[in-house]
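Structure, as structure tokens:
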Amino acid sequence: MEAEAADGPPGGVEAALSCFSFNQDCTSLAIGTKAGYKLFSLSSVEQLDQVHGSNEIPDVYIVERLFSSSLVVVVSHTKPRQMNVYHFKKGTEICNYSYSSNILSIRLNRQRLLVCLEEAIYIHNIKDMKLLKTILDVPANPTGLCALSINHSNSYVAYPGSLTTGEIVLYDGHSLKTVCTIAAHEGTLAAITFNASGSKLASASEKGTVIRVFSVPDGQKLYEFRRGMKRYVTISSLVFSMDSQFLCASSNTETVHIFKLEHVTNSRPEEPSTWTGYMGKMFMAASNYLPTQVSDMMNQDRAFATGRLNFSGQRNICTLSTIQKLPRLLVASSDGHLYIYNLDPQDGGECVLIKTHSLLSSGTTEENKENDLRPSLPQSYAATVARPSTSSASTVPGYSEDGGALRGEVIPEHEFATGPVCLDDENEFPPIILCRGSQKGKTKQS
């Protein structure tokens, strides 16, 4: 759920919005700008609270937050081959790693961290940042398209398996083995995403007309939705609701589509004895005698609800979240705004825009309120590491100059850190100040 913005909005070079991403459970929004990055809380409709902001790294084009923790991963155009992992509440850098080419995307859950390059995917154990596997036998992936299940109990990975068709490779992030390949579309892929439990995988091709949902791990097609017929579009984001009942897709058009994943039963209720019901039965019967492509088109489900934007052609991402106990559609756009809509989960229809927030305006933030009550911290990373450390030196083997696992070794299960990542107190993980690593030439092909 991360996107690089196309064109910056007005307001000066320093204010231009370069990227944006929702966190794994859609409770936070991160944006990257020419000046740095910001993190926002999505707990209220009326107020958009900035929980953190940093201008130490300029020209940020990737920023990803781990759930609602204080761990944030940042990549800058000034060093596009370097990933920086920060503990933003303490103002410290946890580690940074360099790679053989530009970083295109990053995905993370509580067990794994994925770094996607154009021709390789690196899988790290997020507990100690050991490199578990490097996947090199992948087709060129210039957009860095990949997905990671946020459910760390399975940590499935999905990425394109072909340059010419919409084949998806499903990979097990725990056993570090390929599970299966899915022939999802005839054309090349534009978007892939897992649901919260990692039991479903949705995809869209570059045409953007059809969206399909597959079961995981067996790769069987469960649903097929038609976004449109008149024109091809560029799908910019695809996301499930946290309860997996809805699927949302945004594109370069002015319409955001929401599909409902309803359970299909074998015994269908009798259609009402009306002209419409009669014609529906006739069309269903006729579809059995039509060419496969036409029949499939007739059986595809349409959008359950839509959200209308007052513009088109802008890069945007969408998500479905529960805010103040009600379902909402959220759209973050490269025009520098966050749009919040009401969603009727029963009747669908057109979602109503209820609030628009500027993502670039300055104001009082939650972080500023907290800072007023505590001594100021050094602003630079050099000043931060120069401070006396209150904790003992780390003995975690993964944080070493060799960058973790050598030559693509698979780390034994007993070496994995146990328990979920916790970054909200003084005992949070990882318990170190600094580590640096390089992933150049240190792994064998998988």
Side-chain angles (χ1 to χ4, degrees), residues 1-7 17-24 30-34 37 57-66 72-85 96-109 112-124 126 129 131-150 157-163 166-169 171 173 188-194 203-206 234-239 252 315-317 332 334 403 437-443 445-446:
M1 290 179 278
E2 180 269 334
E4 186 172 351
D7 300 314
L17 185 63
S18 56
C19 67
F20 32 76
S21 66
F22 293 105
N23 68 340
Q24 293 81 4
I31 67 168
T33 68
K34 293 292 183 180
Y37 70 92
I57 300 183
D59 210 3
V60 172
Y61 72 95
I62 295 177
V63 54
E64 295 283 348
R65 185 183 184 185
L66 179 63
V72 62
V73 183
V74 180
V75 183
S76 167
H77 277 300
T78 59
K79 293 183 178 180
R81 297 185 178 188
Q82 179 173 298
M83 172 186 69
N84 302 279
V85 184
N96 64 67
Y97 277 78
S98 295
Y99 299 85
S100 58
S101 61
N102 291 356
I103 299 171
L104 300 180
S105 64
I106 288 175
R107 302 288 181 263
L108 59 164
N109 64 22
R112 298 289 182 261
L113 186 150
L114 263 61
V115 179
C116 185
L117 314 183
E118 183 170 356
E119 297 183 343
I121 298 175
Y122 292 83
I123 303 178
H124 291 267
I126 202 171
M129 283 303 295
L131 179 62
L132 303 179
K133 196 71 172 179
T134 304
I135 306 174
L136 296 178
D137 56 342
V138 297
N141 186 8
T143 62
L145 180 61
C146 66
L148 172 67
S149 167
I150 69 171
V157 179
Y159 59 90
S162 171
L163 277 172
E167 180 181 271
I168 302 173
V169 177
Y171 190 87
T188 53
L189 294 169
I192 47 178
T193 186
F194 288 99
S203 65
S205 72
E206 288 187 344
T234 302
I235 300 292
S236 55
S237 70
L238 193 60
V239 62
N252 58 340
R315 184 74 168 168
N316 60 72
I317 58 172
S334 60
S438 174
Q439 307 308 328
K440 297 179 181 180
K442 292 189 175 182
T443 59
Q445 293 188 13
S446 62

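Count residues from 1 along the sequence.
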Using side-chain hydrogen bond (donor to acceptor under 3.5 Å, both in side chains) as the criterion, list what pairs up with [X], not counting sequence neighbours.
X      : answer
Ser205 : none
Asn141 : none
Thr78  : Ser76
Glu167 : none

So, [X] side chain and [Y] main chain: donor-acceptor pair closer than 3.5 Å or not?
X      : Y      : result
Ser105 : Leu145 : no
Asp59  : His77  : no
Ser334 : Arg315 : yes
Ser18  : Gly32  : yes
Ser236 : Asn316 : yes

Check your understanding: Excluding sequence neighbours, so at least two apart, what forms ring-ring contact (aromatic ring centres under 6.0 Å, His included) with Phe194?
Key -> none

Student check: side-chain heavy atoms of [X] and [Y] closer than 4.5 Å:
X      : Y      : result
Val72  : Tyr37  : yes
Val239 : Phe22  : no
Ser101 : Glu119 : no
Thr188 : Pro160 : no
Tyr97  : Val115 : no
Ser100 : Tyr122 : yes
Leu66  : Gln24  : yes

Which heavy atom of [X] sits nearest to which heavy atom of [Y], and what is that distance?
X      : Y      : answer
Ile126 : Asn109 : CD1-O, 3.4 Å
Met83  : Val75  : CA-CG2, 4.2 Å
Thr134 : Leu131 : OG1-CD2, 3.7 Å
Gly173 : Arg112 : O-NE, 2.7 Å
Gln82  : Ser98  : OE1-OG, 3.8 Å
Ser162 : Pro139 : N-CG, 3.6 Å

Exercise for review: May I have the step-by-step check of side-chain contact (heavy atoms from CB on, under 4.5 Å) for Leu117 and Ile103, ending in yes or no?
Suggested key: CA-CA 5 Å; Leu117 314 183; Ile103 299 171; 4.0 Å; yes

Check your understanding: What residues form a side-chain contact (heavy atoms from CB on, under 4.5 Å) with Pro80, not counting sequence neighbours?
Key -> Tyr61, Asn102

